[in-house]
Amino acid sequence: QVQLGESGGGLVQAGGSLRLSCAASGRTFSSYAMGWFRQAPGKEREFVAFIIWSGGVPYYADSVKGRSTISRDNAKNTVYLQMNSLKPEDTAVYYCAATPKRSGLVAATRYDYWGPGTQVTVSS
């Protein structure tokens, strides 16, 4: 069982930066792949980024590639999402998720555990 809790969201002007954090409980955190997803009002939840258990090469959605960095600190049971050059279209509730699965990690259905989310609002 893994419990997740996001923090770091807020209101920021376009062009600004935010770092989201996701703290996880559980002794097996390092064995889980971690993902970030987001959901804007009236839209489906969409993939943002994932990083595998060993912290290997991360994978990003095209919409955030080059502007965002996902990282993890297994000693702290925490995964981060650094977002730069934020745009109004980045406004959404951001969720972190965890899964022991090894494939298909861009799909929300592949994740077993979810945090409650943190709101990110980017003003123009």
Side-chain angles (χ1 to χ4, degrees):
Q1 189 77 10
V2 176
Q3 292 185 323
L4 305 172
E6 304 92 339
S7 62
L11 174 64
V12 63
Q13 289 188 330
S17 298
L18 281 175
R19 188 176 82 155
L20 306 183
S21 299
C22 174
S25 66
R27 294 175 294 175
T28 58
F29 172 77
S30 61
S31 66
Y32 285 80
M34 300 297 296
W36 285 97
F37 289 77
R38 67 186 182 185
Q39 188 166 18
K43 295 187 176 181
E44 294 187 352
R45 191 168 299 189
E46 66 171 354
F47 167 74
V48 176
F50 74 73
I51 188 166
I52 62 175
W53 45 98
S54 63
V57 178
Y59 188 80
Y60 301 93
D62 288 343
S63 58
V64 303
K65 192 177 297 182
R67 301 188 295 121
S68 298
T69 303
I70 187 172
S71 61
R72 66 190 294 163
D73 185 337
N74 288 340
K76 295 182 178 179
N77 280 12
T78 302
V79 63
Y80 305 97
L81 182 69
Q82 175 70 43
M83 301 188 295
N84 303 319
S85 302
L86 283 162
K87 306 174 182 179
E89 51 263 43
D90 293 317
T91 295
V93 177
Y94 283 71
Y95 300 89
C96 70
T99 180
K101 299 178 180 68
R102 299 293 194 256
S103 64
L105 298 179
V106 299
T109 54
R110 300 292 286 173
Y111 291 80
D112 299 316
Y113 306 101
W114 292 84
T118 186
Q119 176 71 48
V120 171
T121 303
V122 184
S123 63
S124 58

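Just the heavy atoms: all of them, side chains too, but no hydrogens, waters or symmetry mates, feed the values below.
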Kindly indicate whether the side chain of [X], heavy atoms from C-beta on, has any atom under 4.5 Å from the side chain of [Y].
X	Y	value
Tyr59	Val106	yes
Arg110	Ser103	yes
Arg45	Trp114	yes

(request) Please determine which of Val79, Thr69, Leu81 meets the side-chain contact (heavy atoms from CB on, under 4.5 Å) test together with Ile51. (result)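 Per the side-chain contact (heavy atoms from CB on, under 4.5 Å) rule, the option paired with Ile51 is Val79, out of Val79, Thr69, Leu81.
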(request) State which residue, out of Thr78, Thr99, Leu4, fulfils the side-chain contact (heavy atoms from CB on, under 4.5 Å) condition with Met34. (result)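 By the side-chain contact (heavy atoms from CB on, under 4.5 Å) criterion, Met34 pairs with just one of Thr78, Thr99, Leu4: Leu4.
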(message) Test your reading of the model: is there a side-chain donor-acceptor pair from Thr118 to the backbone of Gly9, 3.5 Å cut-off?
(response)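 Confirmed, Thr118 side chain pairs with Gly9 backbone.
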(message) Can you confirm whether or not the ring centre of Phe37 sits under 6.0 Å from the ring centre of Tyr111?
(response)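 Yes - the distance between ring centres of Phe37 and Tyr111 falls below the 6.0 Å cut-off.
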(message) Can you confirm if the aromatic rings of Phe47 and Trp36 lie within a centre distance of less than 6.0 Å?
(response)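 When the ring centroids of Trp36 and Phe47 are compared, they turn out to be at least 6.0 Å apart.
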(message) Would Thr91 and Gln119 count as a side chain to side chain contact (heavy atoms under 4.5 Å, CB included) here? Give the steps.
(response) CA-CA 8 Å; Thr91 295; Gln119 176 71 48; 4.0 Å; yes
Restricting to non-hydrogen atoms, name the atom on [X] and the atom on [Y] that form the minimum distance, rounded to 0.1 Å.
X	Y	answer
Ser68	Tyr60	O-CE2, 3.4 Å
Ala14	Ser124	CB-CA, 4.4 Å
Ala98	Val2	CB-CG1, 4.4 Å
Pro100	Asp112	CD-OD2, 3.0 Å

(request) Would you check if there is a donor-acceptor pair between the side chains of Arg72 and Ser30 at a distance under 3.5 Å? (result)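 Result is no, nothing qualifies.
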(request) State whether Tyr95 and Arg38 meet the cation-pi test: NZ (Lys) or CZ (Arg) under 6.0 Å from the six-membered ring centroid, and within 45° of the perpendicular axis. (result)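 Output no; distance or angle outside limits.
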(request) Return each pair, listed once, that meets side-chain hydrogen bond (donor to acceptor under 3.5 Å, both in side chains) where at least one residue sits in residues 2-18; pairs must be two or more places apart or across chains. (result)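 Non-adjacent pairs meeting side-chain hydrogen bond (donor to acceptor under 3.5 Å, both in side chains): Ser17-Asn84.
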(message) Val120: which residues meet the side-chain contact (heavy atoms from CB on, under 4.5 Å) condition with it, sequence neighbours left out?
(response)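 Listed in chain order: Leu18, Leu20, Met83, Tyr94, Val122.
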(message) Pair Lys87, Asp90 - check salt bridge (charged side-chain N to carboxylate O under 4.0 Å, His left out), show working.
(response) CA-CA 5 Å; Lys87 306 174 182 179; Asp90 293 317; over 6 Å; no
(message) More than 12 heavy atoms of other residues, nucleotides or ligands under 6.0 Å from NZ of Lys76: yes or no?
(response)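 Atom NZ in Lys76 is not packed in, count stays at 12 or less.
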(request) Using a cut-off of 6.0 Å, state whether more than 12 heavy atoms not belonging to Lys65 lie near its atom NZ. (result)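 Atom NZ in Lys65 is packed in, count exceeds 12.
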(request) Report whether Val64 and Val12 are members of the same hydrophobic cluster (ILVMFWY, side-chain heavy atoms less than 4.5 Å apart, transitive linking). (result)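 Yes; tracing contacts between hydrophobic side chains, which count when under 4.5 Å, links both residues.
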